[in-house]
Amino acid sequence: MSDNALWIILQKLRLPLLVIIVTYSIAILGMVLIPGLDDNGKVYHLTFFDAFYFVSYMASTIGFGESPYAFTYAQKLWVSICIYLTVVGWFYGVGALVSAVTDRTLKFELMRSSFRKKVRDIKSDFVIVLGYSYVNSEIIKKFHDVDIEVVFIEKDEEKVNHFLLEESSRDVPIMIGDGVISEVLEDAGIRKRNCKAIVSLFKDEEKNLRIAILTKFLNPKVKVMAKATFDATMKSIKDTDIASVINPFEVFAKRVDISLTSPHVLLLENWIYQNADLNSKVCTLPPSGKYIVCGYGRLGKELQRKFDKYNLEYVFIDEKRTASRDMIHNHQFIHENPDDKETLLKAGIKEASCLIIGTKNDIKNLSIMITAKKLNPDIYLVSRENTIQEISIFKVADIDWIFMIERILINKTSLALTKPLRHRLLMHILKKDEVWAETLVRLLLKRIGGNPIMMSLRINEEESYAIYHEILEGKEVNIDVLRLSLSNREEKNVAVPLMVHRDGENILLPRNMKLNIDDHLLFACNAETKEEIELISSNIYEFHYAKYGKEKEVPFLTRIFGHN
Amino acid sequence: MNLQKVISGFFFILAMTINFGFFYGDIDRPELHSVYELFVALVVSLISTVLKIGDKTQMGAVLLATSLVADIQLIAAVTVWTVTEYLSIVNIEAFSAIISLSGGALLANITSVILYIGETLKSKR
């Protein structure tokens with residue numbers, strides 16, 4: 001049955017109802033049986049209706065007085081017993097009703113049914129987000145930016161209230177519940193066809209794994225974005241086939257890796273994430289010299305693999321964790337507090353080329369940084385920032401490269417789900433080498449400037465009416481049509497086609513290419529060119545001019561009556 | 001033995017028997033039908049309804065439905081009785097309506113008792 005709420009109320013009211021019925025009937029029966037005297041002194045009996053009427057207003061303490069005639073002492077005696085009987089019964093009933101309505105289970109059921117209804121009403125694509133955190137609330141905003149609805153599940157009622165207080169332009173269906181229970185996921189609409197993904201970035205990675213497995217059984221078409229930093233969990237999550245794993249530590253280590261060999265790739269990555277523009281400084285880690293890393297946790301171990309790959313000299317400092325005996329013997333590990341001048345000197349800060357500070361404590365990170373700067377002003381500083389609150393302090397501090405695990409999670413998760421085309425582009429760019437990336441950066445800088453925007457265009461009736469119909473008519477359309485300037489066809493606009501996605505394949509930097517229906521194009525351009533491209537692709541007259549170099553001849557009748 | 005079952009079974013059957021007691025007798029002779037019996041029949045019927053609340057099974061839902069039918073029939077009978085008495089309509093037609101309403105309630109009671117017996121026989125314990 002769907003109306004669980006009503007059922008709960010009825011069940012809670014069973015006993016009170018019984019008490020009311022029994023006390024009323026005893027009182028009514030007594031009133032009927034006890035003889036009274038009317039105003040002429042004759043004996044009479046109250047009818048059942050009289051008795052019911054009197055008991056009704058007595059029990060509810062309304063008390064209209066004795067009716068139909070003043071009572072005899074025998075009647076009064078009975079009434080005084082009945083008052084205690086029925087009034088108590090009545091109050092008990094009212095009290096039980098109130099407590100049933102404010103009952104937690106009832107509230108939960110009401111919330112649940114309204115949640116289900118809201119989820120059922122979602123007609124567009126949506127994503128399920130599990131758990132309230134800064135990262136998730138940022139991700140939710142990004143989804144809303146691209147018109148993807150979000151369904152939100154959180155276990156803790158207090159955090160749900162926090163979430164409700166946050167400003168949100170849309171109505172997000174919220175449920176208090178545990179995401180690892182399949183019933184909760186089903187309520188959240190995981191079986192629905194328009195459920196596209198589920199985001200599970202819990203600290204407890206076991207939980208992420210369980211959600212990935214559950215999702216595989218409930219609806220294998222749903223993508224799972226799960227956070228995992230331990231090797232075993234990562235493998236298990238990947239084995240579900242439907243989940244993509246996000247390991248922020250690995251992502252950062254990868255960035256270090258890229259920055260050692262091809263820093264311009266990193267620049268492009270930051271541009272795609274819209275963290276920085278193309279004019280910003282290229283993060284070039286010193287290719288040689290000693291690396292000092294504070295913190296030997298999961299992040300440290302990922303970094304160590306990269307250092308080993310490039311045969312770099314390194315020292316790890318950590319006061320809590322310890323490393324293998326070989327590392328200590330080779331002076332690659334110091335088991336001491338890194339926030340200490342002596343320790344840093346022992347690690348060789350004076351001759352080191354780069355210091356990576358990666359502890360979980362922001363104040364400690366800042367303090368290490370200040371000490372290190374004093375000891376070696378030329379050192380390349382990389383620092384981890386943990387909470388968003390300190391963002392201004394880190395910006396003021398003279399750090400070469402700041403990274404934030406939370407930011408990596410937000411970027412990674414939202415880009416893959418909200419802008420799949422850009423995500424594909426990024427995946428391809430990450431495989432390219434320094435020369436390729438630098439050429440592209442130069443090209444973009446020269447043609448568009450420091451901060452090109454990206455626009456995607458699909459060849460279909462809605463997004464590109466003119467091109468779509470031209471292709472339907474059997475004529476060829478070349479991608480370079482879109483690169484012509486509308487003010488003068490002889491010149492080109494600034495747009496750079498970055499990628500074409502066709503039948504599951506991606507073509508990077510397409511030139512002189514025939515367009516097909518359902519192609520998905522990605523351009524880098526500026527706001528002005530974006531408008532031009534939109535005009536050419538959708539307006540048949542502009543398109544005609546761009547392709548043939550002359551105005552489209554409009555048939556006489558159409559000119560009068562307008563185009564259908 | 002389950003005390004809960006004893007109590008609810010008791011009330012289901014009591015509702016039927018008392019209703020029968022009121023119903024039994026010629027339909028056009030008011031002296032054969034006691035108002036007290038009608039009162040008790042209504043009270044017992046209400047109690048048995050409340051006892052049926054809270055069982056979410058299919059059987060429970062049907063039992064509750066039959067019981068609600070009996071309640072509505074009896075409440076209608078009581079209302080007709082009260083109205084005719086206070087408007088001093090001594091009318092054999094109105095009286096036979098009361099009796100036939102309670103007869104309808106009796107049918108509902110019988111249905112519910114049959115269902116109840118069926119369920120009891122079905123259960124293995």
Side-chain angles (χ1 to χ4, degrees), chain A residues 1-35 38 44-56 59 67-69 82 85-86 89-90 92-94 96-97 100 103 105-106 109 112-113, chain B residues 3-5 7-8 10-12 14-15 18 22 30 33-65 67-68 70-71 74-90 94 98 102:
Chain A
M1 274 200 185
S2 58
D3 46 358
N4 274 338
L6 182 70
W7 221 252
I8 289 176
I9 296 187
L10 284 178
Q11 207 158 19
K12 296 241 169 200
L13 289 186
R14 262 174 77 163
L15 192 59
L17 279 175
L18 279 179
V19 169
I20 289 175
I21 292 172
V22 171
T23 51
Y24 267 48
S25 47
I26 290 171
I28 290 174
L29 199 60
M31 293 304 296
V32 170
L33 291 176
I34 296 168
D38 65 13
Y44 81 103
H45 281 272
L46 269 76
T47 62
F48 272 106
F49 178 70
D50 287 334
F52 174 70
Y53 177 62
F54 175 75
V55 170
S56 295
S67 110
Y69 306 107
C82 288
L85 212 62
T86 53
W90 183 252
Y92 172 51
V94 172
L97 182 66
D103 186 64
T105 17
L106 180 71
E109 279 301 330
R112 186 172 167 193
S113 67
Chain B
L3 188 62
Q4 172 96 30
K5 291 253 151 128
I7 293 172
S8 46
F10 170 78
F11 275 102
F12 296 169
L14 190 65
I18 291 181
F22 173 74
H33 303 279
S34 157
V35 68
Y36 292 99
E37 264 184 308
L38 181 58
F39 172 71
V40 177
L42 177 59
V43 170
V44 173
S45 179
L46 285 175
I47 291 176
S48 70
T49 309
V50 174
L51 288 176
K52 284 168 189 167
I53 289 175
D55 184 358
K56 278 176 82 174
T57 58
Q58 172 73 17
M59 182 57 85
V62 178
L63 278 175
L64 182 60
S67 201
L68 287 173
D71 289 344
L74 286 175
I75 288 170
V78 168
T79 314
V80 172
W81 189 308
T82 313
V83 170
T84 51
E85 191 163 310
Y86 281 93
L87 299 179
S88 326
I89 312 167
V90 185
I98 295 167
S102 85

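We name chains A, B, ... by the order of the sequence lines, and we start the count at 1 in each one.
Looking at A:Leu15, neither its backbone nor its side chain comes within 4.5 Å of chain B, counting heavy atoms on both sides. The parts of B:Leu51 that come within reach of chain A are both its backbone and its side chain, each placing non-hydrogen atoms under 4.5 angstrom from that chain. Both the backbone and the side chain of B:Tyr36 come within contact range of chain A, judged by heavy atoms closer than 4.5 Å.
Checked against A:Phe49 for a ring pair (Phe, Tyr, Trp, His ring centres under 6.0 Å), the options B:Trp81, B:Tyr86, B:Phe39 give a single hit: B:Tyr86.
In this structure, A:Ile20 CD1 and B:Leu46 CG are separated by 11.5 Å, a value rounded to the nearest 0.5 Å. Once rounded to the nearest 0.5 Å, the distance linking CG of A:Leu10 with CD1 of B:Ile53 reads 5.0 Å.
Residues passing the ring-ring contact (aromatic ring centres under 6.0 Å, His included) test with B:Phe12, sequence neighbours excluded: B:Tyr116. Residues passing the ring-ring contact (aromatic ring centres under 6.0 Å, His included) test with A:Tyr24: none are found, sequence neighbours excluded.
Of the residues considered (A:Leu29, A:Val22, A:Leu33), A:Leu29 shows the highest number of contacts with chain B, using heavy-atom pairs under 4.5 Å. Taking chain B as the reference chain and counting heavy-atom pairs below 4.5 Å, the highest number among A:Leu18, A:Val32, A:Leu17 is found for A:Leu18.
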